[in-house]
Amino acid sequence: MIPANLLSLIIFLPLLGGLVVLAFRRHPNPCRWISLGTASMDLFLILSVYLLEIRVHQAGDWLIVEDTSWIETLGIRYSLGLDGISLLLIMLTSFLGIIVILVSWTQVTSRVALFHFFLLSMQTGVLGVFLATDLFLFYLFWELQVVPMFFIIGIWGHEKRIHAAVKFVLFSITGSLLMLAALIGIVVVHGSQTGHYSFSLFDLVGTSLSSNLENWFFAAFLLAFAVKTPLFPVHTWLPDAHTEAPTAGSVILAGLLLKTGTYAILRFAFPLFPSAAGVAVPVLMVLGLSGVFYASWIALAQKDMKRLVAYSSIGHMGLIIVGVAAWNAMTLSGSVLQMINHGLTTSALFILVGMLDERVNSRQLSDYGGIWRKMPVFSGFFLLFCMSSLGLPGLNNFVGEILILLGTFKVQPAAAVIGFMGMVLVLIYVLRLIQDAFFGEPRTDWNVRDITGREALILVPFALLVILIGLYPHPFLDLVDGPVRNLVLETGTAMNTGAM
Amino acid sequence: MRTILFLLVFLPLAGALFHILAGRHVSRRVVEIVACSSVAGSFFMALSALLALKQGPLRVIFLRWFEAGDFHAAMDVYYDPLSAVMALMVTFVSALIHVYSVGYMRDDEDYARFFFYLNLFVFCMLVITLADDLVFLFLGWEGVGFCSYALIGFWYRDEANAAAGRKAFLLTRLGDVAFGVALGLVFVLFNRLSISHVTTHATELTAASATVLGLLLLWAAVGKSAQLPLVVWLPDAMAGPTPVSALIHAATMVTAGVYLLMRLFPVVLMSEAALSAIAVVGVLSAFYAACAALAQKDIKRVLAYSTISQLGYMFLAVGAGDVIGSMSFLLSHAFYKALLFLAAGCVIRALHEEHDIFRMGGLRGRLPAVFFLFLAGVLSLGAIPGTGGFINKDRILVAVFSHPHGAFKILWLAAVATSFLTTLYAFRLLFVVFLGRSGQSVEQQEIHPIPAVMTRTLWPLAFLALFAGFMNLPAVWGGEEWLAGFLGGVPGTVPHLHISPGIEWFVAMSDGVVALAAAALAFVLYGPVESTRWRAVFIPAQTVRDFFLSGFYLDRLYQAVLARPYMELARILWLKVDEGALDGCIAASSRTFPLLGSVLRLWTTGRISTYLLGLLVGLTVMLGLLVIRFYAG
């Protein structure tokens with residue numbers, strides 16, 4: 001029923017489409033349509049996996065795996081695996097993959113073919129990260145996603161794009177080079193112990209390491225992932241990258257790239273080095289919560305709307321880290337759901353700011369005010385996503401946040417209490433954003449139209465998902481329930497022995 | 001029954017959905033009809049549910065909301081006498097105010113948006129009233145906060161209105177933090193978040209955890225009910241349309257805080273300390289706000305401070321252990337305060353948006369119907385003997401006076417003093433607005449005609465304001481305490497106080513005398529006959545009046561100590577720390593770091609693209625290898 005290399009097809013279909021697009025360099029419109037077609041096909045494939053697999057779904061099992069020998073001398077295999085968590089994340093990836101093409105329809109007019117090539121190859125990189133179960137393969141995809149992003153920011157970005165793009169790459173590769181070293185380290189240790197060299201995640205989990213070595217390896221992995229998440233205090237690349245990126249770039253950054261960081265922490269860093277992770281839990285909680293407070297506080301002072309949303313992003317990701325660090329079934333489910341939620345809400349906010357920018361050619365809050373009067377439907381959408389962002393119950397973020405916070409309360413009440421206080425700080429900057437942009441009298445008498453049909457087509461799916469997850473998150477939580485239980489069972493025990 | 005309860009909660013939500021999806025495309029008439037009929041339908045459901053409530057409390061699950069690990073949240077209701085009465089009040093007052101709004105908002109262009117928020121509000125309020133699962137309750141709890149925010153700032157073009165809305169949302173959310181933490185604590189202690197479960201197992205709590213939980217709930221309630229120290233948002237909330245002030249900021253949402261304490265009373269009851277804290281917060285807020293109300297010039301701000309003050313009595317009653325007293329006071333307050341606000345709305349409309357009471361005056365002749373309605377509200381608010389307001393307040397004072405703990409006698413004294421002030425400001429309002437010489441505003445302008453639909457909806461409220469209290473007439477005066485009997489089954493309640501008639505008479509007499517004396521004083525000071533001599537004696541100096549007018553400068557204090565430093569620090573944190581120190585540090589450390597140093601050199605020589613190209617080529621080779629393997633193998 002399911003073709004043997006379906007996962008490969010899902011991963012490389014976008015790249016293939018990207019290569020085709022390159023052939024249409026002089027014809028922007030075919031580029032857009034081909035890209036849209038490819039991305040839609042990918043989403044269709046993934047949704048059919050979802051619909052087919054959900055029926056035979058066994059708790060915690062890998063739903064589909066793919067395994068081929070690759071570079072045998074080094075023990076590197078081409079192995080992919082799909083479980084509930086990665087299924088959820090690749091659904092988000094392919095959904096946003098379509099959205100970014102629609103968003104860029106009128107915003108990107110120069111070098112259209114190249115732009116779409118990068119968009120699509122980016123998607124391949126992210127999908128690969130979510131599906132790879134061989135560490136070397138994972139590393140390749142991890143690096144692959146950096147390249148297109150660099151060019152997307154560097155070529156199609158705003159005024160200070162080169163600076164932002166370089167900063168992004170420097171931060172990313174610093175982390176990932178260290179991770180590569182640690183990765184080779186654990187393979188070597190594992191190989192010398194068993195006589196069998198392997199990069200497979202399943203083989204490497206449970207490798208016994210001296211605690212010193214384990215701590216160093218974990219730190220290297222964590223640094224790579226923390227930069228991408230981004231975790232306070234290695235977040236400083238993010239505001240620049242977001243502010244300078246074109247809307248599509250911001251959406252990919254917030255919606256997908258950041259998720260690869262938290263995903264990798266819970267898929268690789270914790271299971272591979274459980275006792276080191278157990279020791280690091282308090283540190284992670286402190287850093288995560290600091291991120292919530294620090295970023296939310298700073299967000300209040302922002303004058304540039306995109307920068308404001310970028311800082312809010314850091315705060316939200318901080319809470320996800322808290323959830324991962326608490327490592328129980330509630331918080332992990334909450335964190336995974338929150339990855340999706342953040343991907344939806346923050347992307348939607350970036351898209352909305354992009355739409356304003358497209359109309360008025362400014363992202364400065366001081367140039368706005370009184371938008372509600374001019375664009376009521378647009379403002380309604382904006383209000384909805386703002387409320388989602390501040391965790392209003394009934395909308396998506398609330399479900400994830402309450403799971404994280406209540407679950408954390410069970411293991412670390414103080415952290416949860418501080419987390420709850422973060423709710424207020426988020427509210428402060430969100431309300432300021434709404435007030436400055438939407439209320440009051442219009443500050444300039446620009447003439448703008450309310451949302452167009454294409455824009456509505458983009459925003460309505462976001463709105464529906466935000467409400468659906470808020471009121472009936474079962475389809476999403478059911479997917480992650482099994483894998484999360486396994487993670488808690490396998491890694492959780494090892495973490496506790498480490499901590500003691 | 002299940003269907004009835006479902007419709008009771010979700011009809012207003014359906015109305016809200018209609019407005020947001022179709023409201024812009026249909027006529028005003030349709031919006032009006034949908035808005036009013038959805039709430040009226042909800043009221044009839046509440047009525048029929050009440051009549052059907054025979055076989056004890058009832059728990060109905062509508063939807064499994066979300067689950068993870070051993071955690072379950074459901075959308076469900078726990079229907080017992082307490083929530084039944086509350087739901088009936090909420091839907092009744094809401095329905096009337098919806099009808100009133102049809103007249104009040106007649107000329108507003110954003111008609112559908114207004115009724116969207118109003119219907120959504122009713123839904124959220126019903127969730128608070130009925131929810132069994134505390135997480136579901138939290139949905140309503142935050143939902144009403146959002147609706148209140150949106151409606152205070154409804155006329156958003158004036159930045160002051162929007163700022164008032166923002167303040168309300170923020171301060172109530174400060175309380176919500178405690179609610180969230182309380183959720184965590186309940187989850188750890190009981191492993192379930194259901195009110196029915198928690199209240200039946202409350203006795204298993206240790207004193208310490210009951211105290212912590214009780215204080216958390218108190219803080220949550222303080223935020224919603226605008227008690228000290230989170231009072232400052234409510235007076236500003238008057239920036240919203242008057243029906244909103246009546247519905248949200250007088251009759252329903254602000255009572256949600258104290259209602260929560262009643263709903264979880266068995267938990268609070270386990271802790272002496274929590275009970276005392278509740279009583280003290282109540283008395284202090286009541287006294288504070290009564291002082292402030294005396295000096296206000298804006299008709300709506302008088303009523304707003306009065307609301308804070310009256311909510312203080314409800315807290316006091318809960319603290320004294322008398323849930324029924326608190327609930328009956330809540331009901332009666334809902335009627336007379338909604339009445340007063342709506343009548344004030346008529347006055348404001350008639351005088352072309354005039355709010356200053358000293359520019360009104362002599363309105364009795366010009367607006368006779370409104371005068372009598374307002375009079376009914378003032379009599380009840382002032383707790384003049386013979387009104388429902390008096391009976392309900394008396395029950396609270398009796399409960400406080402007869403409390404076994406000696407210190408409650410002091411609280412009783414403070415409460416009686418507050419009663420004096422209450423009657424004083426209530427009659428001051430009545431005399432200044434309706435009697436005496438016509439004020440500037442009245443003389444200069446034509447009276448704007450008031451739609452009949454606005455005044456007509458007030459008569460039922462006036463009736464209830466004056467007489468609803470008789471449902472709880474104590475046995476001493478030949479009453480049956482019907483309401484108390486009905487609520488008697490609610491855990492933790494004491495239906496009949498069993499006080500000796502002597503004490504009962506003493507408390508009632510003292511309260512009655514105090515009220516009449518205050519009314520007399522108000523007549524002397526503000527009545528139709530000007531008496532400068534008495535005014536010179538009783539009216540305090542300008543500085544004191546300013547102090548009261550500003551609400552003891554509390555707002556200014558918070559601005560100076562909290563809001564402004566927070567804003568300043570945000571700027572410093574951003575420019576100096578984040579973009580300065582932190583970013584600088586990372587850049588500097590990267591220079592010392594050998595590995596990074598080499599990368600940096602790549603950049604400085606402009607070869608970062610070379611690096612990336614290399615990466616790309618490497619990847620291509622690797623993948624090429626894979627493809628070859630794939631086909632060879």
Side-chain angles (χ1 to χ4, degrees), chain A residues 68-71 78 140 143-144 146-147 150 166 169-170 173-174 177 233-234 236 294 297-298 300-302 328-330 333-334 370 372-373 380 387 392-394 399 402-403 405-407 409-410 413 416-417 420-421 423-424 427-428 431-432 435 438-441 471-474 477 481 484, chain B residues 20 63-71 73 135 138-139 142-143 146 149 153 156-157 159 162-163 166 169-170 173-174 176-177 180-181 183-185 187-188 566-567 569-571 573-575 578-579 582-583 586 590 593 595-596 599-600 603 608 611-612 615-616 619 622 625-626 629-630 633:
Chain A
T68 318
S69 68
W70 186 10
I71 309 170
Y78 175 80
L140 285 187
E143 291 292 36
L144 178 64
V146 177
V147 184
F150 171 77
V166 169
V169 168
L170 281 184
I173 57 178
T174 311
L177 284 178
V234 286
T236 55
Y294 179 83
W297 202 340
I298 290 182
L300 178 66
Q302 298 309 307
N328 61 43
M330 265 176 90
S333 297
W372 200 296
R373 222 180 132 57
M387 290 305 126
L392 195 74
V399 179
I402 202 81
L403 282 177
L405 289 171
L406 291 183
F409 199 95
K410 281 192 124 175
V417 171
F420 274 115
M421 289 177 185
M423 293 188 343
V424 176
L427 184 75
I428 296 176
L431 292 189
R432 186 216 159 207
Q435 174 144 7
F438 292 89
F439 295 156
E441 288 289 344
L471 295 177
Y472 195 73
H474 289 281
L477 285 173
D481 190 52
V484 157
Chain B
I20 198 167
L63 180 75
R64 284 162 45 241
W65 189 5
F66 56 96
E67 287 149 19
D70 50 355
F71 175 82
V135 181
F138 196 49
L139 181 145
E142 290 253 296
F146 165 70
Y149 157 75
Y156 56 83
R157 292 175 68 180
E159 298 237 1
R166 189 165 70 153
F169 204 173
L170 196 62
R173 209 173 216 213
L174 274 178
D176 298 355
V177 170
V181 177
L183 282 183
L185 194 58
F187 182 51
V188 169
Y566 183 81
M567 190 69 208
L569 274 174
R571 212 164 286 130
L573 212 55
W574 171 36
L575 294 173
D578 201 59
E579 300 213 327
L582 197 59
D583 210 18
I586 290 173
S590 69
F593 211 89
L595 195 62
L596 248 188
V599 176
L600 263 178
W603 168 35
I608 194 150
Y611 165 81
L612 291 174
L615 193 68
L616 216 52
L619 283 173
M622 294 282 185
L625 209 61
L626 176 72
R629 267 228 166 257
F630 200 70

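Letters A, B, ... mirror the listed sequences (proteins, then strands); counts begin at 1. What you see is a predicted model, and the numbers here were worked out from it, not measured in a lab.
- Heavy-atom distances place the side chain of B:F187, and not its backbone, under 4.5 Å from chain A.
- Remark: A:I428 CD1 to B:R173 CZ distance equals 10.5 Å, nearest 0.5 Å.
- Between B:W65 and A:G394, the shortest heavy-atom contact is CZ2-N, 4.2 Å.
- Side-chain atoms of A:F439 and B:R166, non-hydrogen and from C-beta on, never get closer than 4.5 Å to each other.
- For the set B:R571, B:E159, B:R157, the count of heavy-atom pairs under 4.5 angstrom toward chain A peaks at B:R157.
- In this structure, CG in A:L431 is found 5.0 Å from OH in B:Y149, a value given to the nearest 0.5 Å.
- The minimum heavy-atom distance between A:I298 and B:D578, with the atom names listed, is CD1-CB, 3.6 Å.
- Rounding to the nearest 0.5 Å gives a distance of 6.0 Å between CG of B:L63 and NE2 of A:H474.
- Annotation: A:L471, atom CG; neighbour count of heavy atoms from other residues, nucleotides and ligands within 6.0 Å is above 12.
- When heavy atoms are compared at a cutoff of 4.5 Å, B:L185 approaches chain A by way of both its backbone and its side chain.
- In plain terms, the two heavy atoms of B:A68 and A:M330 that are nearest each other are O-CG, 3.4 Å.
- Note: B:L170 leads B:D70, B:V135, B:L170, B:D176 in heavy-atom pairs under 4.5 Å with chain A.
- Using a 4.5 Å cut-off between heavy atoms, A:L403 contacts chain B through its side chain alone, with no backbone atom that close.
- Using a 4.5 Å cut-off between heavy atoms, B:A163 touches chain A through backbone and side chain atoms alike.
- Contact check for B:Y156 versus A:R373: side-chain heavy atoms found under the 4.5 Å cut-off.
- Taking chain B as the reference chain and counting heavy-atom pairs below 4.5 Å, the highest number among A:L406, A:V424, A:L427 is found for A:L427.
- Side-chain contact between A:L477 and B:E67: absent, with no pair of heavy atoms (C-beta onward) separated by less than 4.5 Å.
- With values rounded to the nearest 0.5 angstrom, A:W297 atom CH2 is found 4.5 Å from B:L569 atom CG.
- Residues B:L183 and A:F409 have side chains not in contact (no heavy-atom distance under 4.5 Å, counting atoms from C-beta outward).
- Contacts between B:V188 and chain A at a heavy-atom distance below 4.5 Å involve the side chain alone, from C-beta outward.
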